[in-house]
Amino acid sequence: MHTEINPPSAGFAWQSSCCKNRPLSLTPTLAGGQAFRWRKDKDGIWWGTAGRHIFAFWKPEDNARSNLYWQTWPELNRREVVEDYLQLNVDTEALLEEWSRAAPDCAETLHRYEGARVLRQHPLECFTAFQCATCNTVMKIERSVEHLARGYGEIAEAAGRKFYLFPTLDVLAQMDEGYLRAGLWGYRAPRVIALAQYMRMKPFNWLELLRKLPYTEAKRELQKLNGIGPKVADCICLFALDKPEAVPVDTHVRKIAGRLFGEKYTLGSLTENKYNEIALLFHEKFGQYAGWAQQALFLAERERAAAGRLQ
DNA sequence: GCTTAACCTGGACGC
DNA sequence: GCGTCCAGGTTAAGC
């Protein structure tokens, strides 16, 4: 019989949500390379922001189905905001069964990462952060995005702690290139500022409006922007624009495709045709939520690559 | 339509 | 300590 462990006392009242049928693991979800500003404190509490909301999350480690404990600021007890951000409405249990039938070879891996959920992020932060992802490492992306937020984000407070909200488009458009370069943005610095300036000429809330378009149209719109290629566009579609069918094909996903669909997908340059072919094969195998399956397989592949480097 | 080089830079690794 | 390579890509030029 399982005994629930109580969350640490942190100076505020926790709320809880049941994850029995909606598995959730905080580490692979919050530190799995889809969002870059979540931090875990010494008590194991994850702190982060999304839009104007500040969140605290806590769960017993290694138990995807135990209750999630949470709180929100500045308005307390915003259950619907938490469930929206973590997409707790998505029945991953049913998806796991479907994927396991379609890809028995991947079933063990998919079950191991059953708690790795895809977040529903604030579009502008996701859009900006992934511009930093080109030819970079997760650790450096985290530092870069944090540097940007600390330099230009509005300060907010929750439970006696200080947070930096992600800047607005108007603020991003006026950032200093030198400041960004000092924060590891490198050659991406002028591009991210220029893109913010260009985006200001688009209709108000243009990024949010892409949520209403079909996946292929939203992706096409993003790829019209200088600096946004197919991979970054797919990341934004999957992690912020409600497009669970988007499959970002990076070096890790390419290796997975090599094993699932044939070695030819790992050979030579990743041309746009090859990219689209891999994404289509994932879609055919894993269905409408192929991006969610991809995220679990990606985490396993990344872990495998890291273990290989340590040997 | 494919390949290649350039773009920044911290960290890991070998020597 | 130093040199080299790699890392969640994109773009433009050359073939």
Side-chain angles (χ1 to χ4, degrees), chain A residues 27-38 113 116 118-119 121 125-148 175-196 198-199 219-240 246-259 264-279 282 290-311:
Chain A
T27 301
T29 299
L30 303 176
Q34 55 176 319
F36 303 100
R37 290 208 302 138
W38 281 92
Y113 285 90
V118 169
L119 299 169
Q121 295 184 57
E125 177 161 355
C126 184
F127 174 83
T128 308
F130 275 99
Q131 287 172 60
C132 187
T134 61
C135 208
N136 213 341
T137 60
V138 171
M139 187 175 61
K140 281 171 63 185
I141 300 168
E142 285 174 353
R143 283 193 204 174
S144 300
V145 180
E146 186 64 25
H147 180 80
L148 186 158
M175 290 187 296
D176 175 60
E177 184 183 325
Y179 177 81
L180 289 188
R181 283 184 181 273
L184 307 181
W185 280 81
Y187 65 92
R188 308 164 192 91
R191 190 185 283 174
V192 74
I193 297 168
L195 207 42
Y198 176 72
M199 295 268 291
K219 182 176 177 183
R220 196 181 309 133
E221 286 298 314
L222 288 169
Q223 280 197 252
K224 285 179 186 171
L225 304 173
N226 185 36
I228 307 289
K231 194 267 178 179
V232 170
D234 272 330
C235 285
I236 300 164
C237 281
L238 177 62
F239 300 135
V247 177
V249 180
D250 62 17
T251 52
H252 297 304
V253 175
R254 241 187 124 182
K255 283 181 193 153
I256 299 165
R259 288 200 297 276
K264 67 172 182 171
Y265 294 108
T266 63
L267 304 174
S269 300
L270 182 61
T271 61
E272 187 139 7
N273 282 342
K274 205 181 282 179
Y275 182 105
N276 290 336
E277 209 178 324
I278 291 171
F282 266 88
W292 285 58
Q294 172 275 154
Q295 182 65 6
L297 296 174
F298 160 80
L299 287 167
E301 181 61 34
R302 202 178 62 166
E303 195 175 86
R304 183 174 159 149
R309 279 197 299 275
L310 291 175
Q311 279 171 5

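To find a chain, count down the sequence lines: A is the first, B the second, and so on, and within it residues start at 1. It should be emphasised that the depicted structure is a prediction, and the values quoted were computed from it without experimental measurement.
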State which residues pass side-chain hydrogen bond (donor to acceptor under 3.5 Å, both in side chains) with E221(A); sequence neighbours excluded, sorted by chain then number. K224(A)

Starting from the 5' end of DNA chain C, give me the residue, G32(A) or G227(A), whose nearest nucleotide shows up first. G32(A)

Under a 3.5 Å cutoff, is there a donor and acceptor pairing between the side chains of E277(A) and Y265(A)? yes

Proximity to the side chain of K140(A) - top-ranked nucleotide from dG11(B), dT11(C), dT9(B): dT9(B)

For the residue pair N226(A) and Y198(A), confirm or rule out a side-chain donor-acceptor distance under 3.5 Å. no

Nearest listed nucleotide, side chain of T271(A), among dG1(B), dT11(C), dT3(B): dT3(B)

What are the residues of residues 125-133 of chain A, sorted by number, that bring a heavy atom to within less than 4.0 Å of DNA chain C? F130(A), A133(A)

For F239(A), check ring pair (Phe, Tyr, Trp, His ring centres under 6.0 Å) against everything at least two apart and list the hits. F130(A)

Minimum-distance nucleotide to R143(A) side chain [options: dT3(B), dG10(B), dT11(C)]: dG10(B)

Pairing annotation in dot-bracket form, given for DNA chain B with Watson-Crick or G-U pairs under 3.5 Å and | for cross-strand partners: |||||||.|||||||

At a heavy-atom distance below 4.0 Å, what parts of residues 181-195 of chain A sit against DNA chain B? R181(A), L184(A), G186(A), Y187(A), R188(A)

According to salt bridge (charged side-chain N to carboxylate O under 4.0 Å, His left out), who are the partners of K274(A), at least two apart in sequence or on a separate chain? none

